[in-house]
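Here is the structure we will look at, set down as structure tokens.
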Amino acid sequence: MMKKTLLLMAFSLCLWPIVSAQTKAPMGIDVSKYQGTIDWPKVAADNNLEYVYVKATEGATIADERFATNVSEARKAGLPVGCYMVYSRHTNAQSQFDNFQKTVKGCGMTLIPVIDIEPDPNFPLNIKRVDMLLQLFEEYYGVKPIIYTTEEAYKKYFNLERYASYHVFIACYNLKFPDTRYTLWQYTTREKVEGILTEVDGIKMHPTYTLEDITLPKVKRNKR
């Protein structure tokens with residue numbers, strides 16, 4: 001029993017620096033129209049929150065109805081802001097990129113954009129279309145976009161050398177660390193934040209990264 005206890009203590013001591021570092025990692029949230037009207041000054045007053053991602057578009061035609069307001073008010077409140085699009089298997093890469101770019105143009109985002117890729121389990125992911133979309137983002141913004149996906153999808157589609165230089169944003173719940181590499185981790189969909197009436201997605205950054213690593217570089221945009 002004593003030996004077992006000592007082993008457990010040793011394991012806990014080894015794990016503690018990881019857990020401690022994770023709690024100190026920059027934290028954020030992502031929001032969309034489903035959060036309704038947000039009191040951004042109250043959100044920004046939360047010392048635990050350092051950045052926000054705002055949904056911009058979905059597919060080739062949908063724009064989040066609260067996007068412009070959320071980005072504008074979050075920036076006024078002093079929060080670094082990134083934008084994300086939800087990938088659709090129904091439309092081509094160019095039309096999805098054009099919808100995103102038209103929607104976010106002039107919004108003043110400061111964080112690297114995110115492409116939310118959550119494959120339908122009943123349909124294989126069109127990886128050529130995804131690669132084209134990634135290329136369009138990189139050519140325009142001068143930096144690789146962040147790939148948001150699930151652990152399962154990452155292992156199936158993105159755990160390849162050609163994606164090794166991309167930041168990865170992993171959705172993984174149940175209070176466990178992602179079983180993949182990651183820069184950002186959506187650890188819950190049920191975070192509670194003062195100033196937001198609904199539950200919201202919570203984000204933790206891997207402790208080896210900082211906000212600077214996901215900050216959009218100031219480059220001359222390609223004209224489209």
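The model shown is predicted, which means the values in this text are computed figures rather than measured ones. For reference, positions follow the sequence shown, starting with 1.
- Contact of the Q101 side chain with the Y140 side chain is registered, since non-hydrogen atoms from C-beta on lie closer than 4.5 Å.
- Ring centroids of H167 and Y209 are separated by less than 6.0 Å, placing the two rings close together.
- With hydrogens and angles disregarded, a donor-acceptor distance shorter than 3.5 Å links the side chain of T149 to the backbone of I117.
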Pair Q186-Y148, side-chain contact (heavy atoms from CB on, under 4.5 Å): steps then yes or no: CA-CA 9 Å; Q186 188 183 88; Y148 171 100; 2.9 Å; yes
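- Ion pairing of R190 with D201 is absent here, as no side-chain N (NZ or NE/NH1/NH2) approaches a carboxylate O to less than 4.0 Å.
- The line from CG of L211 to OH of Y51 is 6.5 Å long, rounded to the nearest 0.5 Å.
- Across all non-hydrogen atoms, the minimal contact from A44 to A77 is CB-O, 3.5 Å.
- Summarising the geometry, atom CZ belonging to F177 is positioned 9.0 Å from atom NE2 belonging to H206; distances are rounded to the nearest 0.5 Å.
- Within the model, atoms CG of L160 and OH of Y166 stand 12.0 Å from one another, a figure rounded to the nearest 0.5 Å.
- Note: F67 CZ to C107 SG = 4.0 Å, rounded to the nearest 0.5 Å.
- At a threshold of 4.5 Å between non-hydrogen side-chain atoms, the residues V193 and E191 count as touching.
- For the residue pair S95 / N92, a side-chain donor-acceptor distance below 3.5 Å is found, with atom types taken as modelled.
- In this structure, T215 contributes its side chain and L111 its backbone to no donor-acceptor pair below 3.5 Å.
- Remark: side-chain polar atoms of D213 are paired, donor with acceptor, to backbone N or O of T210 under 3.5 angstrom.
- Side-chain contact annotation: Y163 with D131, donor-acceptor N/O pair under 3.5 Å present.
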Q96 and M85: CA distance, side-chain angles, deciding distance, side-chain contact (heavy atoms from CB on, under 4.5 Å) verdict: CA-CA 9 Å; Q96 294 190 59; M85 64 156 289; 3.5 Å; yes
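- With a 6.0 Å radius and a threshold of 12 heavy atoms from other residues, nucleotides or ligands, Y173 has its OH atom above the threshold.
- When every heavy atom of T103 is checked against every heavy atom of A56, the shortest pair comes out as CG2-O, 3.9 Å.
- Closest of all the heavy-atom pairs between C83 and Y53 is N-CD2, 3.6 Å.
- A salt bridge between K176 and E151 is present, with a side-chain N of the basic residue lying under 4.0 Å from a carboxylate O of the acidic one.
- Summarising the geometry, atom OH belonging to Y84 is positioned 13.5 Å from atom CD1 belonging to I146; distances are rounded to the nearest 0.5 Å.
- No side-chain N or O of E152 forms a donor-acceptor pair with one of Y157 less than 3.5 Å apart.
- Ring geometry for F137 versus F97: interplanar angle over 60°, hence perpendicular rather than tilted (30 to 60°).
- Within the model, atoms CD of E138 and NZ of K144 stand 4.0 Å from one another, a figure rounded to the nearest 0.5 Å.
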Could you give me the CA-CA distance, side-chain angles and deciding distance for D179 and Y154, then say whether side-chain contact (heavy atoms from CB on, under 4.5 Å) is met? CA-CA 10 Å; D179 189 26; Y154 175 83; over 6 Å; no
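- At least one side-chain heavy atom of R181 sits under 4.5 Å from a side-chain heavy atom of V168.
- A donor-acceptor distance shorter than 3.5 angstrom exists from the side chain of Q35 to the backbone of S32, with no hydrogens or angles considered.
- Nearest heavy-atom pair across V81 and A74 is CG2-CB, 3.7 Å.
- Annotation: side chain of I214 is in contact with side chain of T183 (closest heavy-atom distance under 4.5 Å).
- With contacts defined as side-chain heavy-atom distances shorter than 4.5 Å, the pair Y141/M109 qualifies.
- Looking at heavy atoms from C-beta onward, T110 lies out of side-chain contact with L216 at the 4.5 angstrom threshold.
- In this structure, the side chain of N99 engages the main chain of I62 through a donor-acceptor pair within 3.5 Å.
- F169 and I127 fall within a single hydrophobic cluster, where Ile, Leu, Val, Met, Phe, Trp and Tyr are joined by side-chain heavy atoms under 4.5 Å apart, directly or via other members.
- The side-chain heavy atoms of I203 and I29, taken from C-beta on, include no pair separated by under 4.5 Å.
- Side chains of S88 and H90: no donor on one and acceptor on the other come within 3.5 Å.
- K55 has no carboxylate O lying under 4.0 Å from a charged side-chain N of D116, or vice versa, which leaves the two without a salt bridge.
- No option in V130, L133, V86 other than L133 meets the side-chain contact (heavy atoms from CB on, under 4.5 Å) test with I115.
- When all heavy atoms of T180 and I170 are compared, the pair lying nearest together is OG1-CG1, 3.4 Å.
- A 4.5 Å side-chain heavy-atom check between L134 and I147 finds at least one atom pair inside the cut-off.
- Counted within 6.0 Å of NZ on K192, heavy atoms from surrounding residues, nucleotides or ligands total 12 or fewer; the atom is thus considered open.
- T69 is linked by a side-chain hydrogen bond (donor to acceptor under 3.5 Å, both in side chains) to nothing, counting only residues two or more places apart in sequence or in another chain.
- The local environment of CG in D120 is crowded, with over 12 non-hydrogen atoms from other residues, nucleotides or ligands closer than 6.0 Å.
- For N126, the side chain to side chain contact (heavy atoms under 4.5 Å, CB included) partners two or more places apart in sequence, or in a different chain, are Y87, K128, R129.
- The heavy-atom pair separating P145 from I112 by the smallest distance is CA-CG2, 4.0 Å.
- Residue pairs meeting the side-chain hydrogen bond (donor to acceptor under 3.5 Å, both in side chains) criterion with at least one partner in residues 59-68, sequence neighbours excluded, do not occur; the list is empty.
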